[in-house]
Amino acid sequence: MFQLDGKVAMITGGSKGIGLGMAHCLGKLGAKLAIASRGEKDLEYARQELSEKGYEVLATPVDVSNKESVESWIEKVVHEFGQVDILVNNAGTNIRKPLVEVEGKDWERVIDTNLKGVFLVGQAVAKQLIEQKKGGRIINISSIFGGVGGIFQSSYAASKGGMNQLTKVWAHELAEEGITVNGLAPGYIKTPMTKGWLNDEERLKNIIDQTMVKRVGHLEDLEGPLALLASDESSYLTGQTLYVDGGWTAK
Ligand code: NDP
């Protein structure tokens, strides 16, 4: 089950953190990998790391909030690999600030990456998948804060809540094309984005206390759920956001 031999997976934000972890997971299952992010150095490290494992990798500098950048990435992937099968819409950012301190530039950065970017990439990949007429998988990487409010998360929670709605709308629109669209919402996972936040011992203890399983998540915790959502075996599963959070949101 869950074999992806011959499939092509596009992963935004694939240069580090969760995106890189997901690229490893999909590579292990046999997929060819097209990773993208803005920082070329990180991207090159990630390309080398994945290539050393024997995976076929195309690494492209892309800004997901820029339509031309996104469209030329897809053209390049199709030119190189001939098709697209799976999109992991993962690139994201966060700024934690109380409501009254959020500046216009904070709001724009988070919304442009996490919501506009997800839309632009999802739209461009959907066009390609429809043209190919072979179905496909779109996986939007959400967050526990797409479902619960949190605190100091105005722009982030708004972006992830919006993303969860996109997941449902796209699932509905693309179902007859054999394309499933689902969200995967991790709990706290130690990555470059959350490292500083999770290094505070008291905060870490507080977060662990809020999970049912009494620990933070690891990249490996996302592999099984991702493999399911990316696989041919999940063709009756669409429009859902799967919370992989140690029980955090179910409490
Ligand atoms: P990281 O900060 O570690 O990685 C983010 C990735 O996104 C990097 O590759 C970054 O590269 C890329 N990126 C950011 N902005 C853009 C852009 N405009 N265009 C292209 N690429 C971009 O974050 P995480 O791995 O922690 O998070 C990944 C996703 O998982 C995010 O959507 C996040 O919201 C979500 N998530 C994370 C959780 C966690 O605990 N870590 C929990 C729940 C959800 P570059 O900056 O070079 O472009």
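Numbers here are sequence positions counted from 1. Every number for a ligand or one of its atoms is a count from 1 in the order of the listing. Computation of the quantities below employed the complete heavy-atom set of this structure, encompassing side-chain atoms and omitting hydrogens, waters and symmetry-equivalent molecules.
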- Answer with yes or no whether the side chains of S65 and D63 bring together a donor and an acceptor at under 3.5 Å.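 On atom types as modelled, these side chains qualify, holding a pair under 3.5 Å.
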- Query: Is there a donor in the side chain of T167 and an acceptor in the side chain of N140, or the other way round, less than 3.5 Å apart?
  - Reply: yes
- Using a 4.0 angstrom limit on heavy atoms, which residues are close to ligand 1?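 Around ligand 1, where the cutoff is 4.0 Å for heavy atoms, the contacting residues are G13, S15, K16, G17, I18, S37, R38, G39, V62, D63, V64, N90, A91, G92, T113, I141, S142, S143, Y156, K160, P186, G187, Y188, I189, T191, P192, M193, T194.
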- Item | Euclidean distance, K190 NZ relative to I18 CD1, rounded to 0.5 Å | 14.0 Å
- Item | Residue pairs, two or more places apart or on separate chains, that pass ring-ring contact (aromatic ring centres under 6.0 Å, His included) and touch residues 228-251 | F145-W248
Show me the side-chain donor-acceptor pairs of residues 148-156 shorter than 3.5 Å, one per line, residues at least two apart or across chains.
from, atom 1, to, atom 2, distance (Å)
Q153, OE1, N94, ND2, 3.3

- Message: Please list all pairs meeting side chain to side chain donor-acceptor pair (under 3.5 Å) that have one or both residues in residues 19-30, counting only residues at least two apart or in different chains.
- Response: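 Qualifying pairs: H24-E49, K28-E223.
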